[in-house]
Asker: 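Here's a structure for you.
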Amino acid sequence: MGVNLKDLITPECKLEIDDLRQLSGRIIAFDAYNALYQFLAAIRQTDGTPLMDSKGRITSHLSGLFYRTINFLENGIKPIYVFDGKPPEIKRKELEQRRIRKERAAKMAEKAYSEGNIEEASKYVVQAIFLTDEMVKEAKELLDAMGIPVIQAAEEGEAEAAYIAKKGLAWATASQDYDSLLFGAPRLVRNLTITGKRKLPGKDIYIEIKPEIIELEKLLKTLGITHEQLIDIAILIGTDYNPDGVEGIGPKTAYQLIKAYGSLEKIIKSPHGSHISEDLIKIKNYFLNPVVVDVERIEWKEPDTNRIKDLLVREHDFSIDRVENALKRLEKAYREYIKGRPSSLDQWFKYGKK
DNA sequence: CCTCCCTA
DNA sequence: TAGGGAGGG
C-alpha cells in the first residue's frame, strides 16, 4: 500500500499540527480512496461490524466522510476529494497481490469467527475491506451534494492530487501514503482523516496521532538529494509498481547507493546493479510523468440539504436529527468560509492585492 | 471515524 | 464544563 518512505523522513522534515485551526484557509486535495478506506476500517462497533442501513448496506464511509468533512469546513479548511481512475498497467501486479491478500484475510476472518475468536476475526475483517463501485458512487454523490469539489483522476488519485497542488490550486495533498511526494506534491499532510489515539501493537500503550506536514523541498534538502533521486530510492525500496523492491536493498542501502552512483540508471550499469531490472526505469518515468487530467479551476458550491437528506436519511437510515444538526453546521461553515470568497489561489492574489 | 449523553 | 463511554446505521 503505497511507498514506504517512513524511514527516510527525519523529524526535522515533519511539522506536527496540534489544532486543525492551523490549517485554516488552506485548500487540501485528499486522496479520496485513502480516506474512504480509513473510514471503513475505523468506523465499527466494538464487535467489529461496520455501520449498516436496514438493507444491510455498509454506511461507515458515508458517516465518516460527512462528519469529518464538516469538521474540516468548520475549521476553515477547504477540501477537494480526488478519486482514482483506471489503474495504470504497471500497477497490475500489486493489485493482483492485494486481491489475493484480501481473499485470504476474508477466509481467515470466517475461520476465526467460527472458532469464537472475535478479536482476531475483526482484525482480518479490516484487512479484507474493499471499496465497491456503489460505495465510490455514493461518496461522490454525497460530496457533490455538500458542494465539495470531486475530481476524477485519469489514473492515480495521488498523481492527480499532486498535479493540483503543484499547479497552486491546492496548498497540500492529504493521504496516509507518501506517493504524492514522489509525484511532486510540494506538501503532504498525513493523519488528517484519523484522529485521537492509536494502540501500539502488542502493548497496552496508546500514542496520540497528530496531523503532520511533510514538505518536499525540506525533505530533499535534508537528505541532500533531488526529486528524481527520491523517486530512485523509493523504487529500490519498493513502490506499488514493484511491490517487492530490489532484493537485499532497504532504505539505508538505497540511500547510500543513490548517494554513491547518482541515479538508478547508473546503479543498474554498475557492478552493484547487475541483478536490477531495466524495467524499473519505466516506473521512474511514471512518477515523473503520470497521466493526469487537466484542471483549470476548482469551485465549491452551496450545500444542497435536500439531496443530502435524501441520500443519508431516506436511502441509508441516518438519524434525521443528527443529519439536520450537522447540516446547520455545514451551512454556517459555508457562509463563513466559502460563500463570496475566491475559490482559487489565483483569484485570491487578484483580490488580495486590490 | 463521529455525535450525544451522562457523570462528576 | 470536560471527559469517558455508548451507540450511530
Side-chain angles (χ1 to χ4, degrees), chain A residues 1 17-21 23 28 30-77 79 81 83 118-119 122-123 125-132 134-143 145-146 148 174-177 189-201 204-212 303 305 307-334:
Chain A
M1 249 123 289
I17 302 283
D18 297 307
D19 186 346
L20 282 185
R21 276 270 148 215
L23 296 172
I28 297 183
F30 285 79
D31 177 350
Y33 274 63
N34 193 269
L36 292 176
Y37 268 111
Q38 276 181 355
F39 294 138
L40 285 174
I43 303 175
R44 285 170 183 271
Q45 316 269 64
T46 28
D47 67 354
T49 52
L51 300 185
M52 285 183 290
D53 65 19
S54 56
K55 289 179 181 158
R57 295 173 296 188
I58 294 174
T59 54
S60 294
H61 58 303
L62 295 176
S63 177
L65 196 60
F66 181 57
Y67 293 114
R68 190 67 175 139
T69 300
I70 291 172
N71 278 334
F72 288 143
L73 293 166
E74 278 186 315
N75 282 281
I77 298 169
Y81 286 89
F83 285 79
I118 305 299
E119 198 173 326
S122 51
K123 191 183 79 191
V125 162
V126 167
Q127 283 176 28
I129 292 169
F130 62 95
L131 271 173
T132 65
E134 188 66 18
M135 288 176 183
V136 171
K137 190 176 142 238
E138 290 194 325
K140 287 176 182 171
E141 261 172 41
L142 174 62
L143 289 167
M146 291 173 78
I148 308 299
S175 174
Q176 288 309 95
D177 294 337
V189 190
R190 298 187 68 241
N191 302 341
L192 214 42
T193 41
I194 54 169
T195 52
K197 291 173 173 143
R198 190 192 276 164
K199 196 171 183 288
L200 280 177
D204 250 350
I205 304 166
Y206 289 82
I207 48 161
E208 214 196 319
I209 304 290
K210 285 182 184 173
E212 61 188 26
T305 54
R307 232 178 110 207
I308 296 169
K309 277 195 261 185
D310 275 344
L311 182 66
L312 296 183
V313 180
R314 256 184 282 280
E315 191 66 24
H316 290 297
D317 308 313
F318 278 55
S319 137
I320 181 133
D321 288 349
R322 283 187 181 216
V323 169
E324 280 182 341
N325 225 323
L327 286 178
K328 277 192 203 120
R329 290 166 46 208
L330 173 62
E331 289 180 300
K332 183 164 177 280
Y334 172 77

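Naming: A, B, ... by sequence-line order, numbering from 1 per chain. Computed from a predicted model, the values in this text were never measured in an experiment.
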Asker: Okay, side chain of A:Ser122, backbone of A:Glu119: is any donor-acceptor separation there less than 3.5 Å?
Answerer: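 Yes; judged by distance alone, with no hydrogens or angles, the pair exists.
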Asker: Does the side chain of A:Asp317 reach to within under 4.5 Å of the side chain of A:Lys55, using non-hydrogen atoms?
Answerer: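 The answer is no; the side chains never approach within 4.5 Å.
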Asker: Please report the distance, rounded to the nearest Å, between CG in A:Leu62 and C1' in B:dC2.
Answerer: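 After rounding, the reported distance stands at 13 Å.
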Asker: Measuring from atom CZ of A:Phe318 to atom CG of A:Leu311, what distance do you get when rounded to the nearest 0.5 angstrom?
Answerer: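 Reported value, rounded in 0.5 Å steps: 8.0 Å.
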Asker: Determine which nucleotide pairs with C:dG4, using a 3.5 Å limit on both distances of a Watson-Crick or G-U wobble pair.
Answerer: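 By the stated definition (distances under 3.5 Å), B:dC5 pairs with C:dG4.
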Asker: Take the protein atom CZ of A:Arg68 and the nucleotide atom P of B:dT3, then report the distance between them rounded to whole Å.
Answerer: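 Taking atom P of B:dT3 as the reference, CZ of A:Arg68 is at 9 Å.
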Asker: Judged by atom type as modelled, is there a donor-acceptor pair below 3.5 Å linking the side chain of A:Thr193 to the main-chain atoms of A:Ala35?
Answerer: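 It does not hold such a pair.
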Asker: Return the nearest nucleotide to the side chain of A:Ile43; candidates are C:dG8, C:dG9, B:dT3.
Answerer: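 Per side-chain heavy atoms of A:Ile43, the pick is C:dG8.
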Asker: Over all strands shown, is A:Arg57 touching base, sugar-phosphate only, or nothing at heavy-atom distances under 4.0 angstrom?
Answerer: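 Here A:Arg57 touches no strand at all.
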Asker: Rounded to the nearest Å, what distance is computed from the CZ atom of residue A:Phe39 to the C1' atom of nucleotide C:dG8?
Answerer: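 So the CZ-C1' distance, A:Phe39 to C:dG8, works out to 15 Å.
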Asker: Between A:Glu212 and A:Val189, is there a side-chain heavy-atom distance shorter than 4.5 Å?
Answerer: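 No. Closest side-chain heavy atoms not under 4.5 Å.
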Asker: Write down the distance between CG (A:Asp47) and P (C:dG8), rounded to a whole number of angstrom.
Answerer: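 My rounded result for the distance is 12 Å.
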Asker: May I ask you to list the residues of residues 322-329 of chain A, by number, that have any heavy atom positioned under 4.0 Å from an atom of DNA chain B?
Answerer: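 DNA chain B contact set from residues 322-329 of chain A: A:Arg322, A:Asn325, A:Arg329.
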Asker: Measure from CD on A:Glu74 to C1' on B:dC2 and round the result to the nearest Å.
Answerer: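 Nearest whole value for this atom pair: 12 Å.
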Asker: Would you jot down, in residue-number order, the residues of residues 307-319 of chain A having a non-hydrogen atom under 4.0 Å from DNA chain C?
Answerer: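 The answer is A:His316, A:Asp317, A:Phe318, A:Ser319.
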Asker: Please report the distance, rounded to the nearest Å, between NZ in A:Lys55 and C1' in C:dG9.
Answerer: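 It works out to 14 Å between those atoms.
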Asker: Is A:Lys332 paired with A:Glu74 through a side-chain N to carboxylate O contact shorter than 4.0 Å?
Answerer: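 Here A:Glu74 does not pair with A:Lys332 in a salt bridge, since their nearest N and O are not under 4.0 Å apart.
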Asker: Decide yes or no for A:Met135 and A:Phe130: does some side-chain heavy atom of the first lie under 4.5 Å from some side-chain heavy atom of the second?
Answerer: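 A side-chain contact is absent here, since even the closest heavy-atom pair is not under 4.5 Å.
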Asker: Could you tell me if the ring centre of A:Phe30 sits under 6.0 Å from that of A:Phe72?
Answerer: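 Judged by ring-centre distance (under 6.0 Å), A:Phe30 and A:Phe72 do meet the cut-off.
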Asker: Nearest-Å distance, CE (A:Met52) to P (C:dG7)?
Answerer: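 Rounded to whole Å, this separation is 16 Å.
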Asker: When the distance from CG of A:Leu142 to P of B:dC2 is rounded to whole Å, what number comes out?
Answerer: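 Rounded to the whole Å, the gap is 15 Å.
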Asker: The test is side chain to side chain donor-acceptor pair (under 3.5 Å); show your working for A:Ser175 and A:Asp177 and say whether it passes.
Answerer: CA-CA 5 Å; A:Ser175 174; A:Asp177 294 337; 4.5 Å; no
Asker: NA contact type, A:Ser60, heavy-atom cut-off 4.0 Å: base, sugar-phosphate, or nothing?
Answerer: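 No contact.
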Asker: Select one nucleotide: of C:dG8, B:dC2, C:dG9, the one nearest the side-chain heavy atoms of A:Ser63.
Answerer: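 The answer is C:dG8.
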